[in-house]
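These notes concern the structure reproduced below.
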Protein chains: 2
Amino acid sequence: MDSEASLRNERKRGSGVKVVYDILRDEILDLELPPGSPIDEVQLSERFGMSRTPIREALVRLAGEGLIDTLPNRSTMVSQIDFLNMHSYFDALVLMYRVTTQLAARYHRPEDLEGVRALQADFADAVEAQDALAMISTNAALHLAIAEAGRNPYFTGLFSRLLNEGRRLLRLYYQSYNDRLPRRFVEEHDEIIAAIETRDTELAERLAREHAEQIVAQIQKLLMRGDRLDVSL
Amino acid sequence: MDSEASLRNERKRGSGVKVVYDILRDEILDLELPPGSPIDEVQLSERFGMSRTPIREALVRLAGEGLIDTLPNRSTMVSQIDFLNMHSYFDALVLMYRVTTQLAARYHRPEDLEGVRALQADFADAVEAQDALAMISTNAALHLAIAEAGRNPYFTGLFSRLLNEGRRLLRLYYQSYNDRLPRRFVEEHDEIIAAIETRDTELAERLAREHAEQIVAQIQKLLMRGDRLDVSL
DNA sequence: TGCATAATTCTTGTCGACAAAATATATACA
DNA sequence: TGTATATATTTTGTCGACAAGAATTATGCA
């Protein structure tokens, strides 16, 4: 348990908050810290072997991204997944898929596509291996790389946040995620990348929309089945 | 200057960071702290009469929203306005105008429009009074109220951030902003509100787009004229 | 026993201090 | 005089401590 605390003295000055932030962020997105988990500052400070000050700064950052909720003067906990307003999430997700892909078709440079193709290969591997967790993260990385080729930091920022939310959401269901459908996603990705390469903005946008709607429909189907893990609303 | 510091003892526990955050945020958006201004923690702690700890947490929040840039172990300063990638900003702004207005037409409740109309009246007053600063802020408040009637926090959040950026940007030019054109904006607002009320999503979206493009063209014209204040790129 | 109040424990927000980086200044040497 | 090294100063990141609120437990009273 003190594998992290033992880094106490070999840590570079100023890296403290970033370490805590990165680790907690991953644990939240991977549901190792499920929604509603209490966040105890002193416990964290013991775990990471540092004082509460850098811990707190990391928590402020996490709160800024909506990953934790802080009640003033009272406890702070991992934020809930809002199943009631899910359509807001899907609307935003689909729109960001569309617009980032379209902008990528317009503004990408050839060298951008190398990275994108590498990530698409990773995604294909994950699908082939039926590794749902890897699928989730490689899919997010792929689409984020496409978004970055579109070179609009405002859209990329929101999209990144939405994909993270999705990572948390999908993690809820990843057991039921290994049917044959994802294989279609690989082909869809290939078509999207081709449309980007030929700078066909209209086609890229349309394919991205269809792709996004596929994904949303898939998630909604999972949501409807109600075989989700026991996590409070 | 110690009018803020004198609140030392009458301040409620926990309100410190919020006070500092709000004040600094306003000062940055109003260009009282122009881009590039150095942020000195000890100076702020003296000014607000509190220790550096709450100051720092406020700065972390500001950095999270991109309003200040923090070089590790080195100085932190008010973030620059990125004139080179302005088109990214305009793209995002126009899209958020469109989508939030469209969603408002779909999802608003009648009582939402009361608030919207009140803010539109404020905007009309500001235009009538040729008060450019008030125009900027009332216009932002109006469109944000419309966005909130659309009930998608992801879009509202991004839009809010963009409108803030715009507030900072327009503040650069507000002297040259008092020609006759804004009067058209009042009428356009009225049309948009009417379209929302009749739940004509398509019309609302189209009007919002035209409105946004008007505004963007107006800003770009100001940018091109080059008569901007002396602020470093 | 049930409920309201008081005492106690825990957690959070803030503070002052200190040490590591970085910056500025001074000194040495060519 | 100019450059390089050493010293001093400033600024930032972190720490341990403490006090205010909230949560919890204990106590008193009907």
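What's counted below: heavy atoms across the whole structure, side chains too, no hydrogens, waters or symmetry copies. Chain A is the first sequence line, chain B the second, and so forth, proteins listed ahead of strands; every chain is numbered from 1. Here the structure is a predicted model, which means the values were calculated and not measured.
Distances shown here put a side-chain N or O of R74(B) below 4.0 Å from the OP1 or OP2 atom of dT23(C). An OP1 or OP2 oxygen of dT14(D) is reached within less than 4.0 angstrom by no side-chain nitrogen or oxygen of S51(A).
For L59(B) and dT14(D), the CG to P distance is 15 Å, given to the nearest whole Å. One atom, CD of E41(A), and another, C1' of dT14(D), lie 15 Å apart when rounded to the nearest Å. Protein atom CD of E57(B) is 16 Å distant from nucleotide atom P of dT12(D), rounded to whole Å. Atom pair I39(A):CD1 and dT12(C):C1' shows a separation of 14 Å (rounding to whole Å applied). Atom CD of Q43(B) is separated from atom C1' of dT10(D) by 13 Å (rounded to the nearest Å). In this structure, M77(A) atom CE and dT11(C) atom P are separated by 16 Å, rounded to whole Å. In this entry the distance linking CD1 of I55(A) with P of dT11(C) reads 15 Å, nearest Å.
Formation of a donor-acceptor pair under 3.5 Å by the H143(B) side chain with backbone atoms of N139(B) is not found in this model. With hydrogens and angles disregarded, a donor-acceptor distance shorter than 3.5 Å links the side chain of S88(A) to the backbone of R151(B).
Proximity of I146(A) to I196(A): side-chain heavy atoms (C-beta onward) are separated by under 4.5 Å at one or more points. Using a 4.5 Å heavy-atom threshold, the side chains of N152(A) and Y107(A) count as separate. Residues Y21(A) and L59(A) form no side-chain contact, since every pair of their non-hydrogen atoms from C-beta on lies 4.5 Å or further apart.
Comparing dT12(D), dT11(C), dT23(C) by their closest approach to the side chain of D40(A) singles out dT11(C). Closest to the side chain of V42(B), out of dC15(D), dT12(D), dC15(C), is dT12(D). For R52(A), counting side-chain heavy atoms from C-beta on, the closest listed nucleotide (dC15(C), dA17(D), dT12(D)) is dA17(D). Of the candidates dT14(C), dA23(D), dC15(D), dT14(C) carries the atom nearest the P54(B) side chain, counting heavy atoms from C-beta on. Nearest to the side chain of T53(A), among dT14(D), dA23(D), dT11(D), sits dT14(D).
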Give the C-alpha distance, both sets of side-chain angles, the deciding distance and a yes or no for side-chain hydrogen bond (donor to acceptor under 3.5 Å, both in side chains) between R168(B) and S79(B). CA-CA 11 Å; R168(B) 205 155 76 115; S79(B) 67; 3.2 Å; yes
Polar atom pairs (N or O), protein with nucleotides 19-21 of chain C, under 3.5 Å:
from, atom 1, to, atom 2, distance (Å)
dA20(C), N3, R13(A), NH2, 3.4

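Aromatic ring orientation, F123(B) versus H189(B): tilted (interplanar angle from 30° to 60°).
Of the two residues near DNA chain C, V17(B) and P72(B), the one whose nearest nucleotide lies more 5' is V17(B).
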